[in-house]
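Before any comments, here is the structure.
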Amino acid sequence: MATRYWVAALPVGQGSSASSVWSRLQESISKQAFDTSLYRFNIPNLRVGTLDSLLALSDDLLKSNSFIEGVSHKIRRQIEDLERISGVVSSSLTVDGVPVDSYLTRFVWDEAKYPTMSPLKEIVDGIHVQIARIEDDLKVRVAEYNNVRSQLNVINRKQAGSLAVRDLSNMVKPQDIISTEHLTTLLAVVSKYSQKDWLSSYETLSTYVVPRSSKKLHEDNEYALYTVTLFSRDADNFRTKARERNIQIRDFEYDPETQESRKQELEKLSQDQETLRSSLLQWCYTSYGEVFGSWMHFCAVRVFSESILRYGLPPSFLSVVLSPPLKSEKKVRSILEGLCSNSNSTYWKTEDEGGMGSFAGDADSHPYVSFTINLI
């Protein structure tokens with residue numbers, strides 16, 4: 001599927017017709033740029049209004065197009081991220097079941113959604129409001145999903161970090177801990193390479209350590225986790241002595257209810273993340289189709305209004321969609337310009353060459369209406 005298309009409108013001179021211009025264009029493309037896909041872009045007769053209204057609208061068209069295109073790309077990127085995270089096969093994006101590239105190349109105006117008798121500004125403003133609403137909805141949904149994802153990441157980081165910082169609840173069993181009126185068990189985080197030193201010295205760090213009470217519970221790439229049992233009244237003194245030897249005593253209190261609560265919280269967050277991810281992905285599929293369909297109607301309005309401003313009334317032009325490969329772009333431009341030879345093409349050269357430039361602020365000027373649609 002092509003990801004970059006040109007939309008162009010060629011003037012139809014007196015004594016000619018859109019069909020004859022189309023035939024000439026087809027013939028030239030097939031002979032000189034056969035690798036370029038070419039389609040009619042069918043635009044109905046829209047309500048022209050006044051010249052002032054068209055000029056005012058032209059000033060807003062480029063900004064509105066950038067906004068709509070930006071929202072389209074934002075949703076598409078979100079879809080790609082969600083598909084990658086979910087491990088699902090990337091699916092074809094559609095508008096009402098029609099692949100987006102086919103929707104563009106076989107464009108049909110939706111009269112029910114955008115009545116052709118409506119003023120052009122009303123159509124454009126309606127599209128802009130609709131896309132802005134979708135963008136706001138996207139922000140809310142993404143924020144909700146990212147919030148749950150962040151909470152889950154925090155928990156996972158605690159479980160996946162080193163023994164110096166990670167959650168120890170899954171490593172410590174009830175039988176590992178002694179907690180009575182007089183005795184308590186502490187958890188010591190010892191450097192992986194200092195375990196022999198710990199085992200030979202922990203009993204001497206304070207007076208009331210229970211001999212041979214230290215047991216290794218876990219080991220990672222940096223540290224080992226040991227228990228040590230001693231009299232409760234000597235716990236603070238033991239912590240101080242251990243700290244002097246760069247041994248960390250982790251605060252830990254075994255609570256079955258807290259353990260179960262954390263487990264349930266983790267399960268709920270995991271389920272919420274999956275639910276929100278699936279819901280967001282489906283919403284993005286639907287909303288992308290809605291945005292893309294509205295964008296193509298906006299492009300039709302843009303072609304129509306710029307063609308009236310450039311070629312005059314009554315509307316007499318041929319609008320097309322092309323997808324030239326990079327190597328053929330210069331040739332296709334030459335073909336399109338050749339079909340405008342009777343429209344004073346020198347008048348529409350770039351501003352640096354003394355011409356007026358194109359309407360709506362296009363970077364490149366041509367003797368015909370033209371702008372680019374980037375699907376990605």
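- The same ILVMFWY cluster, assembled from side-chain heavy atoms under 4.5 Å apart, contains both Tyr285 and Ile85.
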Is there a side-chain hydrogen bond (donor to acceptor under 3.5 Å, both in side chains) between Ser370 and Arg333? Walk through the geometry before answering. CA-CA 10 Å; Ser370 174; Arg333 288 293 186 197; 2.9 Å; yes
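- Side-chain contact check for Leu168 versus Leu217: every heavy-atom pair is 4.5 Å or farther apart.
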Pair Asp35, Ser328 - check side-chain hydrogen bond (donor to acceptor under 3.5 Å, both in side chains), show working. CA-CA 8 Å; Asp35 53 357; Ser328 299; 3.0 Å; yes
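- Using a distance-only test at 3.5 Å, with no hydrogens or angles considered, no donor-acceptor pair links the side chain of Tyr368 to the main chain of Ser307.
- The aromatic rings of Tyr288 and Phe292 lie parallel to each other, with less than 30° between the two planes, well short of the 60° mark.
- Under the side chain to side chain contact (heavy atoms under 4.5 Å, CB included) rule, Leu163 has a single partner from His218, Glu222, Lys192, Glu219, which is His218.
- Residues Asp176 and Thr227 bring no donor and acceptor atom of their side chains to less than 3.5 Å of each other.
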Derivation of the side-chain hydrogen bond (donor to acceptor under 3.5 Å, both in side chains) call for Gln130 and Glu290: CA-CA 9 Å; Gln130 174 197 14; Glu290 189 175 343; 2.9 Å; yes
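- Using modelled atom types, one finds no donor on one side chain facing an acceptor on the other under 3.5 Å when comparing Thr50 with Asp52.
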Passes side-chain hydrogen bond (donor to acceptor under 3.5 Å, both in side chains), Ser206 versus Asp234? Steps please. CA-CA 7 Å; Ser206 69; Asp234 203 31; 2.5 Å; yes
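- In this structure, Arg245 forms no cation-pi arrangement with Trp198, as its terminal cationic atom is not both closer than 6.0 Å to the ring centre and no more than 45° off the ring axis.
- With 3.5 Å as the limit, one finds no donor-acceptor pair spanning the side chains of Ser58 and Glu306.
- A salt bridge does not link Asp136 with Arg133: every distance from a Lys NZ or Arg NE/NH1/NH2 to an Asp or Glu carboxylate oxygen is 4.0 Å or more.
- Tyr208 and Phe231 have perpendicular rings, their planes meeting at more than 60° on a 0 to 90° scale where under 30° would count as parallel.
- Here the rule is side chain to side chain contact (heavy atoms under 4.5 Å, CB included) with Leu120, and of Leu46, Val48, Ile308 only Leu46 fits it.
- The aromatic rings of His297 and Tyr114 are tilted relative to each other, their planes meeting at an angle between 30° and 60°.
- At a threshold of 4.0 Å, the pair Glu274-Arg277 counts as salt-bridged, since one of the basic side-chain nitrogens sits closer than that to a carboxylate oxygen.
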